[in-house]
Amino acid sequence: MNIAVRIDDLDRDILNALMTDARVPYAEMAKRFNVSPATVHVRVEKMRASQIITGTEVIVNPKLLGYDVCCFIGINLYAARDYHSALEKLNQLDEVVEAYYTTGAYNIFVKLMCHSIEELQHVLINKLQVIEEVQSTETLISLQNPINRNVKP
């Protein structure tokens with residue numbers, strides 16, 4: 001069970017600044033929040049140590065890299081015990097960019113990115129549905145991603 005870590009308003013301000021631009025200098029944040037750069041550094045390191053901040057990443061625009069098809073696939077497994085082996089095999093597929101173990105209609109829900117509908121069809125038929133643990137799938141093609149954000153600190 002995860003226990004929420006307590007943060008104060010300064011921590012929230014720092015998180016919001018970093019979530020807007022992870023390259024913002026500590027000195028700039030210090031001026032904005034009326035504290036020293038050392039204070040910002042200490043706060044960021046504290047949030048790293050407590051795993052509130054787990055890394056920094058470059059976010060790419062998939063469309064500009066030719067990924068025109070985003071879809072979500074609900075996967076039903078033959079048995080719950082197949083979860084770990086199915087997950088290992090799904091992790092081998094470059095097209096799978098996210099996976100969730102879920103309750104409800106599906107055991108696993110994945111997000112796939114493909115260059116085209118033809119590539120999606122190939123992935124479904126020749127990569128995903130041949131995984132022996134997979135009993136059935138349902139594919140939902142995304143038309144837009146109008147909301148895409150982090151949680152609010």
Side-chain angles (χ1 to χ4, degrees), residues 1-24 26 29 40-153:
M1 180 168 81
N2 290 341
I3 298 173
V5 178
R6 291 191 178 262
I7 61 173
D8 63 17
D9 288 339
L10 178 58
D11 292 329
R12 281 186 194 81
D13 290 341
I14 291 169
L15 282 173
N16 281 317
L18 290 172
M19 288 166 55
T20 300
D21 178 4
R23 298 181 307 167
V24 63
Y26 289 174
M29 283 190 281
V40 173
H41 177 76
V42 167
R43 295 296 187 103
V44 169
E45 290 307 313
K46 177 188 82 169
M47 289 187 280
R48 282 192 176 126
S50 65
Q51 297 184 342
I52 291 172
I53 298 174
T54 59
T56 324
E57 63 184 16
V58 172
I59 300 170
V60 299
N61 183 331
K63 290 272 189 204
L64 294 178
L65 294 175
Y67 290 91
D68 289 329
V69 178
C70 171
C71 70
F72 299 89
I73 301 177
I75 301 171
N76 289 309
L77 302 174
Y78 282 105
R81 70 178 173 273
D82 293 335
Y83 170 70
H84 293 290
S85 58
L87 195 58
E88 285 177 23
K89 292 172 184 173
L90 289 167
N91 196 35
Q92 301 289 319
L93 305 180
D94 290 337
E95 298 85 1
V96 174
V97 295
E98 294 180 31
Y100 300 89
Y101 188 39
T102 61
T103 62
Y106 309 108
N107 300 108
I108 301 173
F109 203 69
V110 297
K111 177 180 177 181
L112 258 71
M113 295 296 296
C114 295
H115 291 97
S116 65
I117 292 294
E118 292 79 16
E119 182 182 1
L120 172 59
Q121 181 179 357
H122 171 75
V123 170
L124 286 171
I125 294 170
N126 300 308
K127 293 183 177 183
L128 201 145
Q129 293 173 344
V130 298
I131 295 173
E132 60 193 31
E133 295 86 353
V134 172
Q135 180 182 39
S136 63
T137 63
E138 181 177 356
T139 303
L140 307 164
I141 295 176
S142 172
L143 301 176
Q144 286 185 345
N145 183 202
I147 299 172
N148 185 6
R149 60 181 170 221
N150 269 313
V151 296
K152 189 173 181 172

Nearest atoms (heavy-atom pairs only) where [X] meets [Y]:
| X | Y | result |
| --- | --- | --- |
| Cys114 | Glu95 | SG-CG, 4.2 Å |
| Ile147 | Arg149 | CG2-CZ, 3.8 Å |
| Lys63 | Asp68 | NZ-O, 3.3 Å |
| Val130 | Lys127 | CG2-O, 3.4 Å |
| Leu120 | Cys71 | CD1-SG, 3.6 Å |
| Tyr26 | His41 | CE1-ND1, 3.4 Å |

If I take atom [atom1] from residue [X] and atom [atom2] from residue [Y], how far apart are they, to the nearest 0.5 angstrom?
| X | Y | atom1 | atom2 | result |
| --- | --- | --- | --- | --- |
| Thr54 | Gln51 | OG1 | CD | 8.0 Å |
| Asp13 | Arg43 | CG | CZ | 10.0 Å |
| Tyr101 | Ile75 | OH | CD1 | 13.0 Å |
| Asp21 | Asn16 | CG | CG | 13.0 Å |

| query | Is the shortest heavy-atom distance from the side chain of Leu128 to the side chain of Leu90 under 4.5 Å? | reply |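 They are in contact (side-chain heavy atoms under 4.5 Å apart), so the answer is yes.
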| Does the side chain of Leu15 reach to within under 4.5 Å of the side chain of Asn150, using non-hydrogen atoms? |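 No - every pair of side-chain heavy atoms lies 4.5 Å or more apart.
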| Enclosure of Leu143 CG (heavy-atom neighbours >12, cutoff 6.0 Å) |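 Incorrect, the count does not exceed 12.
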| CD (Glu45) with more than 12 external heavy atoms under 6.0 Å |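 Enclosed.
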Check whether any side-chain N or O of [X] sits under 3.5 Å from a backbone N or O of [Y] as a donor-acceptor pair, and report yes or no.
| X | Y | value |
| --- | --- | --- |
| Asn91 | Leu87 | no |
| Asn107 | Leu77 | yes |
| Ser85 | Asp82 | yes |
| Asp11 | Asp8 | yes |

| said: Suppose we screen for salt bridge (charged side-chain N to carboxylate O under 4.0 Å, His left out). Which residues come up paired with Glu132, at least two apart in sequence or across chains? | reply: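 Applying salt bridge (charged side-chain N to carboxylate O under 4.0 Å, His left out) to Glu132 gives Lys89.
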| task | Would you check, one step at a time, whether the test side chain to side chain contact (heavy atoms under 4.5 Å, CB included) holds for Met29 with Leu18? | result | CA-CA 9 Å; Met29 283 190 281; Leu18 290 172; 3.8 Å; yes
| field | Contacts of Asn126 that satisfy side-chain hydrogen bond (donor to acceptor under 3.5 Å, both in side chains) - sequence neighbours left out | value |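 Checked Asn126 against side-chain hydrogen bond (donor to acceptor under 3.5 Å, both in side chains); matches are His122.
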| Which is it for Val69 and His115 under the side chain to side chain contact (heavy atoms under 4.5 Å, CB included) test, yes or no, and what are the steps along the way? | CA-CA 6 Å; Val69 178; His115 291 97; over 6 Å; no
| Passing candidate, side-chain contact (heavy atoms from CB on, under 4.5 Å) with Ile73, options Val96, Val134, Val110 |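 Result: among Val96, Val134, Val110, Val110 is the only option passing the side-chain contact (heavy atoms from CB on, under 4.5 Å) with Ile73.
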| query | Taking the inter-plane angle between the rings of Phe72 and Phe109 on a 0 to 90° scale, is it parallel (under 30°), tilted (30 to 60°) or perpendicular (over 60°)? | reply |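 Ring orientation, 0 to 90° scale: parallel.
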